[in-house]
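Single-structure report; data block below.
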Amino acid sequence: MKKSVRLIIFLLASALLVELDQITKIIARANLEGKSEGFSIIPGVLKLFYLENQGAAWGILNGKLNFFIVLTCLIVLVLVYIVIKMPADKKYNYLFFTIIFLTSGAIGNFIDRIRLSYVRDFIYFELIDFPVFNVADIYVTLSVIALIILIFFVYKDEDFAFLSRKRESN
């Protein structure tokens, strides 16, 4: 796939995934806000419960809005750089789609932080008392897991040579 086509796919797919995240947050807020009990999907296991989170998981870095804004901008810039530099080779498709999901998750929560100063969370695994999360968090978590697998088990060091600033001599 040509680099220009890959960039267009990256932008369109990311926009679509961000939109999906934002729609789920709008629906969650409209239907769950103010309902202290939430909505049980699987009793004792999975619940929809609206929460406005000013930090990260488990409330860490609560109120550090500027930190999250700067960090997200840096991460998205690095991811866009990687997509631009990535060779138009089929072997990079796994990395490419992983970066789409990671970027989409980062931007989805970034939009909340900019617009609202908090992130709208609404999915709660009651069984293990896992922190309440959202669709963007799912994108980020699964893509980071995929990225780790790709880096350690799929790609070799030389597959990332395209990120080097050094130019190969002919």
Side-chain angles (χ1 to χ4, degrees), residues 1-32 48 50-58 60-61 64-125 130-156 159-165:
M1 156 182 354
K2 290 183 180 179
K3 282 189 172 191
S4 58
V5 172
R6 181 172 274 182
L7 188 58
I8 291 168
I9 291 171
F10 171 77
L11 294 172
L12 291 176
S14 295
L16 181 66
L17 290 170
V18 168
E19 187 64 24
L20 178 63
D21 168 66
Q22 292 297 302
I23 289 169
T24 62
K25 290 173 179 175
I26 290 167
I27 292 169
R29 185 177 195 174
N31 292 291
L32 299 169
L48 298 179
Y50 183 76
L51 177 72
E52 295 173 353
N53 185 356
Q54 294 183 350
W58 293 283
I60 60 172
L61 300 172
K64 303 292 184 193
L65 181 64
N66 291 335
F67 171 77
F68 285 114
I69 289 171
V70 170
L71 181 64
T72 303
C73 288
L74 290 173
I75 289 170
V76 170
L77 285 172
V78 167
L79 294 172
V80 170
Y81 174 80
I82 292 170
V83 168
I84 290 169
K85 297 288 283 179
M86 189 183 299
D89 186 326
K90 195 162 53 167
K91 78 176 180 180
Y92 291 101
N93 284 349
Y94 293 123
L95 179 62
F96 175 67
F97 288 110
T98 299
I99 289 174
I100 288 173
F101 277 91
L102 185 54
T103 303
S104 301
I107 292 172
N109 284 338
F110 180 78
I111 290 170
D112 278 15
R113 287 189 173 100
I114 293 293
R115 282 185 56 238
L116 307 168
S117 297
Y118 56 84
V119 173
R120 297 168 288 181
D121 290 332
F122 58 92
I123 304 168
Y124 176 53
F125 275 112
F130 196 78
V132 183
F133 58 97
N134 60 47
V135 173
D137 296 335
I138 295 170
Y139 296 163
V140 169
T141 302
L142 294 180
S143 61
V144 166
I145 291 168
L147 198 57
I148 291 168
I149 291 168
L150 291 172
I151 290 169
F152 287 107
F153 301 108
V154 176
Y155 296 112
K156 299 177 180 93
D159 291 328
F160 296 105
F162 70 91
L163 294 174
S164 174
R165 292 174 129 303

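Just so it is clear, the values below take in all heavy atoms, side chains as well, and ignore hydrogens, waters and symmetry mates.
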Q. For Tyr155, what residues pass the ring pair (Phe, Tyr, Trp, His ring centres under 6.0 Å) criterion, not counting sequence neighbours?
A. Tyr92, Phe160
Q | Tyr139: ring pair (Phe, Tyr, Trp, His ring centres under 6.0 Å) partners, not counting sequence neighbours | A | Phe101
Between [X] and [Y] (side chain of the first, backbone of the second, donor and acceptor by atom type, cut-off under 3.5 Å), is there such a pair?
| X | Y | answer |
| --- | --- | --- |
| Thr72 | Ile69 | no |
| Arg29 | Phe122 | no |
| Arg113 | Gly55 | yes |

Could you give the distance from [atom1] ([X]) to [atom2] ([Y]), rounded to the nearest 0.5 Å?
| X | Y | atom1 | atom2 | answer |
| --- | --- | --- | --- | --- |
| Ser104 | Leu79 | OG | CG | 10.0 Å |
| Asn134 | Gln22 | CG | CD | 9.0 Å |
| Met86 | Lys91 | CE | NZ | 11.5 Å |
| Asp112 | Asn53 | CG | CG | 10.0 Å |
| Leu48 | Leu32 | CG | CG | 5.5 Å |
| Leu71 | Phe110 | CG | CZ | 11.0 Å |

Q: Kindly indicate, with the supporting measurements, whether the criterion side-chain contact (heavy atoms from CB on, under 4.5 Å) is fulfilled by Val119 and Phe68.
A: CA-CA 11 Å; Val119 173; Phe68 285 114; over 6 Å; no
**Q.** Enclosure of Lys64 NZ (heavy-atom neighbours >12, cutoff 6.0 Å)
**A.** no
Q: Please indicate whether Tyr118 has more than 12 foreign heavy atoms, meaning atoms of other residues, nucleotides or ligands, lying under 6.0 Å from its OH.
A: yes
So [Y] and [X], do their side chains get closer than 4.5 Å, heavy atoms only?
| X | Y | answer |
| --- | --- | --- |
| Leu95 | Leu147 | yes |
| Ile123 | Phe130 | no |
| Val132 | Tyr50 | no |
| Val83 | Thr103 | no |

Q) Listed by chain and number, what are the salt bridge (Lys or Arg N to Asp or Glu O under 4.0 Å) partners of Asp21, not counting sequence neighbours? A) Lys25
